[in-house]
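Here's the structure we're looking at; comments come further down.
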There are 2 protein chains.
Amino acid sequence: MSVMLQASPLSGTKQNAQTVAFWPMIDGGTHRQTGESALAPLQGIGATLRFKRNAAVFSEGDPSSHVYKVVSGAVRTCRVLMDGRRQIADFFLPGDFFGLDWQSEHAFTAEAVSDAVIISYPRAQIETLGDTEPGIRKLLMALLCKGLSETQDHLVMLGRQTAQERLAWFLLTAMKRTSSSAKLDLPMSRLDIADYLGLTIETVSRGISEFKRRRYITVAGAHEITVRNADMLQALASGEIEA
Amino acid sequence: MSVMLQASPLSGTKQNAQTVAFWPMIDGGTHRQTGESALAPLQGIGATLRFKRNAAVFSEGDPSSHVYKVVSGAVRTCRVLMDGRRQIADFFLPGDFFGLDWQSEHAFTAEAVSDAVIISYPRAQIETLGDTEPGIRKLLMALLCKGLSETQDHLVMLGRQTAQERLAWFLLTAMKRTSSSAKLDLPMSRLDIADYLGLTIETVSRGISEFKRRRYITVAGAHEITVRNADMLQALASGEIEA
DNA sequence: CGCAAGTTTGACGTACATCAAGTAGTGTGG
DNA sequence: CCACACTACTTGATGTACGTCAAACTTGCG
């Protein structure tokens, strides 16, 4: 079982990629991906890695050698244009798989949003497993379909929604993902949210302040947001109601 | 073999879904999707359908019962918000497969951009074929990955590019898709382009006029655009150069 | 030919970006 | 525990790219 696959490119400390899971946990609970039963075959081929905040799990252009699963913390996939503009494609929370965009090379960079523990599965083994295990195949298909579907929703949002609508959509999506409790603990910064929604940090901040004023949400410490009126956010996000 | 699966919802004429392919053509040439060899198993399970311009192949919310392949003409997948705002997710040209977003229900509506001939394959049969034929499985996976990858590129464009950059990106993408000849015959209207790029029809038109002025392109009859300076378009699209 | 649909061009408005201060939070060392 | 610094977030003033409204022009089909 291989170790030391990754080193931390940003932080000066050297405590990355140190632990190997003997029996990596496969199922973190009831999360985004479908069909998470019958994953026993994945047991034993995963290595546990640790990443500090902002460390890269893989970079755009790297050969896509592994599939990853978040155990704790959070991960973002993003692309940075030459002049520094950045677009975040997705966030991944505990239980989520990522890195299966799978075109021989990664098209996006994956970074830890917060300190994170991640299991990596070698792509080659996943692929051969898929040939014999229909469950694995089904899972991969389901994950890809779900990813495509979510990316398409994201696309519509970026193409046609106003700043307020984007923000409402973001909060509702976050609720759905985190066991739909009204109390959200957002691991990402305002800048991350802005780059996910195709906005600036200032516009995100103003939007949140406006939602506070209208009592749609309450905020405690910038990363803890409680949704008080999901119906109004839903109406906003769907365009039933304007600004 | 079933016939009359679809009726034209828009046009008054009644000449839809009339032909059944005895041996449907599978490979329209060298097009977008990868691994188009070993598709013999698909032979014989496809039905040929005809659609008039703007007719729906399937609608958002319909059960996703089939996978489709464009034979001639072009197809768009789009979503319309309550107030009429529309976002086009993708265009499909001859040889392209679509409708495999495959989440039990279609998340987007598919419509013919121009009069089109399309082959439909029943999803159930595709799925059972996938269990026995590794080639089919690989193809589905490859198509999904390609779709995801392209959607992600689209996402970055919508989130972070200016109008001019979007337009340059669109023309370059169109070139790559249509055998990379410099002479493009765009089947879609300015409105379609606008809704694909997250812009208005006026902004698209102004952008094209500007490209004409700069001699990056020449235009004949609005649907025929010839790229004269792909390098400049590339520089614009990638952000090397501004407006 | 003649109309209708599609496209281009112009004048003007606005939502969001940019620039620029402030004001929390968060971690570190005394 | 507090002082300090640093980063993150908020708020305000101003600019601008693109949207909106409106009118001409072009194209293609009956």
Side-chain angles (χ1 to χ4, degrees), chain A residues 10-13 52-54 81 83-87 113-115 157-168 185-213 217-225 236 239 242-243, chain B residues 10-13 52-54 81 83-87 113-115 157-168 185-213 217-225 236 239 242-243:
Chain A
L10 287 182
S11 63
T13 58
K52 301 219 65 141
R53 194 162 85 102
N54 293 324
L81 306 186
D83 58 359
R85 283 175 289 177
R86 186 180 69 151
Q87 179 64 45
V113 169
S114 53
D115 290 4
M157 189 276 291
L158 288 179
R160 288 304 184 204
Q161 306 258 92
T162 66
Q164 294 253 359
E165 289 167 347
R166 292 177 197 210
L167 222 23
D185 193 354
L186 302 173
M188 69 291 285
S189 68
R190 293 286 185 269
L191 182 58
D192 283 335
I193 298 174
D195 285 344
Y196 182 64
L197 298 179
L199 300 170
T200 60
I201 196 175
E202 292 96 332
T203 301
V204 169
S205 187
R206 278 184 244 272
I208 288 178
S209 297
E210 180 61 22
F211 285 168
K212 262 196 298 196
R213 240 167 271 132
I217 61 174
T218 54
V219 180
H223 286 274
E224 191 179 316
I225 293 184
L236 244 178
E242 45 190 295
Chain B
L10 288 182
S11 63
T13 58
K52 301 219 65 145
R53 195 162 85 101
N54 293 324
L81 306 186
D83 58 359
R85 284 175 288 178
R86 184 179 71 151
Q87 178 64 45
V113 169
S114 54
D115 290 3
M157 191 276 292
L158 288 178
R160 288 304 184 204
Q161 305 258 92
T162 67
Q164 294 253 358
E165 289 168 346
R166 293 177 198 210
L167 221 23
D185 193 353
L186 302 173
M188 67 291 284
S189 69
R190 293 287 185 268
L191 182 57
D192 282 335
I193 298 175
D195 286 344
Y196 181 65
L197 298 179
L199 300 170
T200 60
I201 195 175
E202 292 96 332
T203 300
V204 168
S205 187
R206 278 184 244 273
I208 288 179
S209 297
E210 179 61 22
F211 286 168
K212 262 195 300 195
R213 240 167 272 132
I217 62 174
T218 53
V219 180
H223 287 273
E224 189 178 317
I225 293 183
L236 245 177
E242 45 190 295

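Chain letters run A, B, ... following the sequence lines, proteins first, then strands; residues in each count from 1.
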Go through [options] for me and flag the one nearest to the [X] side chain.
X         : options                   : result
Thr200(A) : dT11(D), dA17(C), dT9(C)  : dA17(C)
Ala163(A) : dA17(C), dC16(C), dT10(D) : dC16(C)
Arg190(B) : dC18(D), dA17(C), dT8(C)  : dT8(C)

Touch class at under 4.0 angstrom, heavy-atom based, for [X] against every strand present:
X         : value
Gly207(B) : nothing
Ser189(A) : sugar-phosphate
Leu199(B) : sugar-phosphate
Ser205(A) : base

Exercise. Counting only side-chain N and O atoms of Thr203(B), is one of them less than 4.0 Å from OP1 or OP2 of dG19(D)?
Worked result: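 Yes, within the criterion.
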
Problem set entry | Salt-bridge contact Asp195(B)-Arg160(A) (side-chain N to carboxylate O under 4.0 Å) |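 Result for this pair is yes, salt bridge flagged.
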
Exercise. Hey, are Asp115(B) and Arg53(B) close enough for a salt bridge, meaning a charged N less than 4.0 Å from a carboxylate O?
Worked result: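 Here Asp115(B) does not pair with Arg53(B) in a salt bridge, since their nearest N and O are not under 4.0 Å apart.
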
Problem set entry | Whichever of Val219(A) and Arg160(A) has its nearest DNA chain D nucleotide further upstream toward 5' |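 Whichever sits nearer the 5' end wins; that is Val219(A).
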
Protein-nucleotide distance ([X], atom [atom1]; [N], atom [atom2]), rounded to Å:
X         : N       : atom1 : atom2 : answer
Ile201(B) : dT9(C)  : CD1   : C1'   : 13 Å
Met157(A) : dC16(C) : CE    : P     : 12 Å
His223(A) : dC9(D)  : NE2   : C1'   : 9 Å

For this session: Map Ile208(B) and Thr162(A) onto DNA chain C by nearest heavy atom, then report which one ends up closer to the 5' terminus.
Result: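 Final value for this comparison: Ile208(B).
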
Out of curiosity, [X] [atom1] to [Y] [atom2], how far, rounded to the nearest 0.5 Å?
X         : Y         : atom1 : atom2 : answer
Leu81(A)  : Glu165(B) : CG    : CD    : 7.5 Å
Ser205(B) : Leu199(B) : OG    : CG    : 12.0 Å
Ile208(A) : Thr203(A) : CD1   : OG1   : 11.0 Å

Exercise. Which atom names give the shortest non-hydrogen contact between Arg166(A) and Leu158(A), and what distance separates them?
Worked result: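 Distance-wise, the nearest heavy atoms are NH2-O, 3.1 Å.
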
Exercise. Which letter, B, S or -, goes with each nucleotide of nucleotides 21-30 of chain D from 5' to 3', with contact meaning a protein heavy atom under 4.0 Å?
Worked result: B---------

